[in-house]
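Encoded as structure tokens, the structure appears first; notes follow it.
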Amino acid sequence: MIEPSKIHEESVALEQVDIKTRIDKLSSKRMMDIVISLISMILLSPIFLLIYLLIMMMDGRPVIFKQTRTGINHTPFTIYKFRTMRESNEVEYGWKDKVPDDFVFKGEHNPDITTLGKILRKTSLDELPQLMNVLKGDMSMVGPRPEVPRITRYYDEQQRQRLFVKPGMTGYAQVNGRSDMNHGQKIFYDLYYVYNQSLRLDLKILLKTIGTVLRRSGSY
């Protein structure tokens, strides 16, 4: 007969191994984020400057759009994007139980999007300043896309699980439909990533993202 104390010791040992494995994975992922974001910012600096100047000439200030988004474990942070819209009022929602599965956040025909903004969104170039968010540690290169608090406050228990990991510049949902999918579909893909995340999956998503962006599929 196995002594209860022995079972407890083995259980603790297994838990410590699991925690160590998780820490190692997170450390590797963070290192990958720092390396990719830093190299990307250096290589893409001429494009950063060109977009900055174009926005200044065509639409004026501010060039960088800042907004509060919900990060890992409901922690708020400020996200950076190149500005693509004129000033507009934010829509408030009044859902009762959760964010509806058929909800779609943005549409293709938004009158507040500027002419240059349409090009930046279609090519995803408006997202480039988020490399700074990745470098700071607010975001990761890969993860569920960060949502605004006026939506995440309505998450139910299942939907909140997408906040178990850092939000990303791209994610499993983005390479499987981007803005073409509704909220229920997005949650399905995000939760798949949350429970299957690995460096191998991250690299696969990053490679698929390049093809998705070049095809301009699902971007508004």
TODO: Mind checking side chain to side chain donor-acceptor pair (under 3.5 Å) for Glu147 and listing every partner two or more places apart, or none if nothing turns up?
DONE: Lys186
Open item on the list: A quick test of your reading: do over 12 heavy atoms of other residues, nucleotides or ligands sit less than 6.0 Å from OH of Tyr93?
Closed with: yes
Open item on the list: Is the ring pair His183/Phe103 parallel, tilted or perpendicular, if the boundaries are 30 and 60 degrees?
Closed with: tilted
TODO: Assess the side chains of Gln161 and Tyr195: does a donor N or O sit below 3.5 Å from an acceptor N or O?
DONE: yes
Open item on the list: For Glu127, is there an ion pair with Lys81 - N to carboxylate O distance below 4.0 angstrom?
Closed with: yes
TODO: Please determine, by modelled atom types, if Tyr192 and Asn176 share a side-chain donor-acceptor pair under 3.5 angstrom.
DONE: no
- [ ] Show your reasoning for whether side-chain contact (heavy atoms from CB on, under 4.5 Å) applies to Gln159 and Asp101.
- [x] CA-CA 10 Å; Gln159 293 169 342; Asp101 288 340; 4.3 Å; yes
Task: Between Tyr80 and Lys136, a side-chain donor and acceptor under 3.5 Å - done: yes
Task: With Ile79, the side chain to side chain contact (heavy atoms under 4.5 Å, CB included) member among Met139, Lys66, Met132 - done: Met139
TODO: Hey, could you give me the OG1/CG distance between Thr78 and Asp138, rounded to the nearest 0.5 Å?
DONE: 7.5 Å
TODO: Could you verify whether a donor N or O on one side chain and an acceptor N or O on the other, from Asp33 and Ser140, lie under 3.5 Å apart?
DONE: yes
Task: Exam field: side chain Lys29 to backbone Val142, donor-acceptor pair closer than 3.5 Å - done: yes
Task: Arg145 (side chain) donor-acceptor with Gly171 (main chain) under 3.5 angstrom - done: no
- [ ] Apply the side-chain hydrogen bond (donor to acceptor under 3.5 Å, both in side chains) test between Tyr155 and each candidate in Arg162, His74, Lys98, Arg160; give the one that qualifies.
- [x] Arg162
Task: Thr75 (side chain) donor-acceptor with Gly71 (main chain) under 3.5 angstrom - done: no
